[in-house]
Amino acid sequence: MPNMRRAVNWAKRSFPLDLDEFKHLTAEAIPMHLKHWWFALGGTPLYLFVVQAMTGIILTFYYSPSPGTAYQSVAHITNEVRFGWYIRSVHHWAANLMVLAVLMHVVRVFFTRAYRKPREMNWMFGVAILLTVFTFGFTGYSLVYEQLSYWAAVVGTNIAEATPVVGHMMARFIRGGDEVGANTLTRFFVLHIGVLPTVMVILLGFHVLQIRLHGVHFDVAIHADADLDEGDEEEAGKTFPFFPDHVMTELIIGMTLTILLTVLALIAPAPLGQMADPNVTPEHIKPEWYFFPMFRWLKLTSFTVGVLGAMVFVTIFLFWPVVDRLLERAFPNKHATVWIGIVGVLILIAFTIWELFV
Amino acid sequence: MIFGVLVSYATAASYGLQFLFPRRERRTPQRVYITSRTHLEEEGAKKFRDLRGHDVVLVQTAGGLRAISTTCTHLGCHVYWEPEHNRFFCPCHNAVFDVDGNVVVGPPPRPLQQYAVEEDEGSIFVMLDA
């Protein structure tokens, strides 16, 4: 015991921190409306990101990022490494669920207008996180080096090449040359396991910091019956503590997700198609489901219009808090944002279903 | 002072960026023997690979011999020569090119790339990029 006390004292001397000073970090009052599941959609992708980091690191022990060995190493993980199929399937499904969770989070934030003053910048951080998640999906999918993933890389980098002015330079940078090959695979690997996780951690840091600085968004419209304004909830006693209550809720969601991922891995393990062949484009080529709207859009328009249209959409989406303010001034009390949001979501769903079945 | 420090950092960063951008490949066309006139007439069309390993189709058209790349000008997918329809078909976005490589249907912005073809005493040569 004296040894234990000595060790504790040594640790305290090494880290002379007053833990009481940090208690306020976990003592944040959370508004009651966060008890609704759709307000916990921000924590869900965060948990899935941790799952992705852990399973991704494990997969890296066996994966080999070169055209000659990439597919074989994935096949080796899937068929020969102990629990390889499980780790790969959890990584595969967590990626899909992460995209879904981030999209649902964005939809919730959009329709509750949580991006309004003073949270405009946090909306932009959120959109940047969404784009990073898409890039994660694109680079990760391409690493498998099967037929569909190889052609997804070809199509994806050619879309980037169509960007005005900087497109060609950007495509050469992404591919590491004029076409998808060994350099591309190495670059995608570095992006997927090094650059993007770093970017994601920085973006998530800013995103969470802004939530802490501004407090959790309080939608007056939702609480119209309660006759409360933002900031009144705490006084009215309609809050609950972040720790342990909210942390426990997130842990339960995390456990549920872990069970769900395991069930999905058992029912539908991550598929592995034919090895990539640069001279054979599969007859029915399709990207991952979250790129279906873009893929369908490119079928409906000319190439330049398609790429420019997508860029305009992303730019408007990024600066939506500004657009929303302009719309509100031009059409007061007409709920223009809600109607545009509904039409936008319906179009995206329609394009996804269209691409899925045609 | 600050300006000098910034310029120094920018110079160092520019070297890092150059490292990430690969050198442009020098392309000198090479004259490559593909087939003989007799064989081409027997087969109707001749598929071969360019110096980067991509398929090229040699076909006889009304306008003469054509060596047409099978890389779609839309998003880089592999197009297929369909001799029964006398056309090229891209499965990615259902684009169709005619026997001369011109766009008939679909979103491709320009015709398929063509290589110069030369015929010399019954032997057919194509000028391929190295």
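Atom set for the values below is all heavy atoms of this structure, side chains included, hydrogens, waters and symmetry mates excluded. Letters A, B, ... are given to chains in the order of the sequence lines, protein chains preceding strands, and every chain is numbered from 1.
Between the CG atom of A/Asn158 and the NE2 atom of B/His74 there is a distance of 9.0 Å, given to the nearest 0.5 Å.
Counting heavy atoms of neighbouring residues, nucleotides and ligands inside a 6.0 Å radius, atom CZ of A/Phe317 exceeds 12 of them. No more than 12 heavy atoms of other residues, nucleotides or ligands lie within 6.0 Å of CD in B/Glu121, so this atom counts as exposed by the packing criterion. Summarising the local packing, OH of B/Tyr80 is surrounded by more than 12 heavy atoms from other residues, nucleotides or ligands at distances under 6.0 Å. Within a 6.0 Å radius of CE in B/Met127, other residues, nucleotides and ligands contribute more than 12 heavy atoms. Annotation: A/Gln274, atom CD; neighbour count of heavy atoms from other residues, nucleotides and ligands within 6.0 Å does not exceed 12.
Considering only heavy-atom pairs separated by less than 4.5 Å from chain B, the leading option among A/Thr157, A/Val280, A/Asn279 is A/Asn279. Top candidate by heavy-atom pairs under 4.5 Å with chain A, chosen from B/Leu17, B/Leu20, B/Asn94, B/Val79, is B/Leu20. Put simply, of A/Arg296, A/Lys286, A/Arg187, A/Glu161, the one with the most heavy-atom pairs under 4.5 Å next to chain B is A/Arg187. Counting heavy-atom pairs under 4.5 Å between each of B/Cys72, B/Cys92, B/Gly53 and chain A puts B/Cys92 at the top. Here A/Ile159 is the residue among A/Asn183, A/Leu300, A/Ile159, A/Val305 with the most heavy-atom pairs under 4.5 Å with chain B.
Closest approach of B/Pro107 and A/Thr301 over heavy atoms only: CB-O, 3.6 Å. Scanning both residues, A/Thr281 and B/His78, for their nearest heavy atoms gives OG1-N, 2.6 Å. Minimum heavy-atom separation, B/Pro22 to A/Gly177: CG-N, 3.5 Å.
Heavy atoms of B/Phe89 lying under 4.5 Å from chain A are absent altogether. Contact of B/Arg49 with chain A is made through the side chain alone, with heavy-atom distances under 4.5 Å. Proximity to chain B involves both the backbone and the side chain of A/Leu298, based on heavy atoms less than 4.5 angstrom apart. Contacts of A/Val180 with chain B are absent, with no heavy-atom separation under 4.5 Å from either backbone or side chain.
The shortest side-chain heavy-atom distance between B/Cys77 and A/Val155 falls under the 4.5 Å cut-off. You'll find the side chain of A/Val154 stays beyond 4.5 Å of the side chain of B/Leu75, heavy atoms only.
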